Amino acid sequence: MSAEPGAEHVNGSGAAKSRRFPSVTRDTARPEGSGRAVPGAVSTPARQWPMLSVLAATAVGLLTTALGQARAGCLVIGVALIVAAVLRRALPSVGMLAVRSRFTDMITYGLLGVAITLLALVMEPRPLLEIPFLESAVRFTVR
């Protein structure tokens, strides 16, 4: 069967295949994060190494916190989120670590990571970071 140049592909129903989006959605779009971080010949866990590494670090932080080292555990979790932001920025494909747009993921992971890290540093007793206005702000809000 020879096709003329410029002829459109015809699907099984006899209608020409269109590149336009359908007016009625029958399916959901494939999320950006479902792409692979490594070629398809590699096993699934290896393809999702960015997400698995961040999850593993977070699990270590949660376990450390559960074992009584709250500051160290929170620092590990905060650093894991900051690493997630860096991975999202640096790598072209991060698998399931990509949830939203690249910019939104970077901002979300980065802000949460910095917030958790700062909270771990000012945690009582014996905070590692002294913020001058923090005590008066807490006193003002707790009165």
Side-chain angles (χ1 to χ4, degrees), residues 3 5-143:
E8 292 185 340
H9 173 73
V10 177
N11 61 17
S13 66
K17 187 173 181 177
S18 172
R19 291 177 53 119
R20 282 200 234 154
F21 287 109
S23 58
V24 176
T25 304
R26 291 182 172 74
D27 202 344
T28 57
R30 184 174 177 202
E32 181 184 349
S34 65
R36 298 176 174 156
V38 176
V42 181
S43 67
T44 301
R47 287 192 308 246
Q48 297 296 335
W49 72 267
M51 181 64 163
L52 291 175
S53 61
V54 171
L55 284 176
T58 303
V60 167
L62 289 172
L63 183 63
T64 305
T65 302
L67 293 176
Q69 299 295 323
R71 177 175 288 135
C74 288
L75 280 172
V76 170
I77 294 169
V79 169
L81 285 169
I82 293 170
V83 167
V86 170
L87 286 174
R88 186 68 172 106
R89 173 68 179 115
L91 299 177
S93 177
V94 290
M96 288 175 33
L97 191 60
V99 179
R100 297 157 295 266
S101 70
R102 184 179 305 268
F103 178 78
T104 305
D105 282 343
M106 287 175 8
I107 296 299
T108 304
Y109 293 144
L111 287 178
L112 285 174
V114 167
I116 291 172
T117 302
L118 284 175
L119 287 172
L121 292 175
V122 299
M123 188 182 292
E124 292 287 340
R126 298 184 324 263
L128 299 174
L129 179 65
E130 293 285 338
I131 299 177
F133 63 86
L134 187 62
E135 190 172 333
S136 60
V138 170
R139 212 176 279 141
F140 176 75
T141 57
V142 176
R143 281 195 220 200

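Note that the coordinates shown come from a computational prediction; the quantities given were computed from them, not determined experimentally.
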Point to revise | Flag, side chain of D105 to backbone of V99, donor-acceptor distance under 3.5 Å | key: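 Indeed, once roles are kept as given, a pair shorter than 3.5 Å links the two residues.
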Review point. With no hydrogens and no angle check, is any side-chain donor or acceptor of R71 less than 3.5 Å from a backbone partner on M123?
Key: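 Yes; judged by distance alone, with no hydrogens or angles, the pair exists.
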Supply the atom-to-atom distance [X] [atom1] to [Y] [atom2], rounded to the nearest 0.5 angstrom.
{"X": "R88", "Y": "R102", "atom1": "CZ", "atom2": "CZ", "result": "5.0 Å"}
{"X": "C74", "Y": "Q69", "atom1": "SG", "atom2": "CD", "result": "11.5 Å"}
{"X": "L112", "Y": "I77", "atom1": "CG", "atom2": "CD1", "result": "11.5 Å"}

Review point. Quick one: does L121's side chain get under 4.5 Å of L75's, heavy atoms only?
Key: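 They are in contact (side-chain heavy atoms under 4.5 Å apart), so the answer is yes.
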Exercise for review: State, with a plain yes or no, whether a side-chain heavy atom of L87 is found less than 4.5 Å away from one of Y109.
Suggested key: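 L87 vs Y109: side chains apart.
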Review point. What is the minimum heavy-atom distance between P50 and L91, and which atoms define it?
Key: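 Minimum heavy-atom separation between P50 and L91: CG-CD1, 4.3 Å.
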**Study point:** Non-hydrogen atoms of A80 and A57 that approach each other most closely
**Key:**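 So the minimum-distance heavy-atom pair works out to CB-CB, 3.7 Å.
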Practice item. Quick one: list whatever passes side-chain hydrogen bond (donor to acceptor under 3.5 Å, both in side chains) with T108, sequence neighbours left out. Key: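 T108 satisfies side-chain hydrogen bond (donor to acceptor under 3.5 Å, both in side chains) with no other residue.
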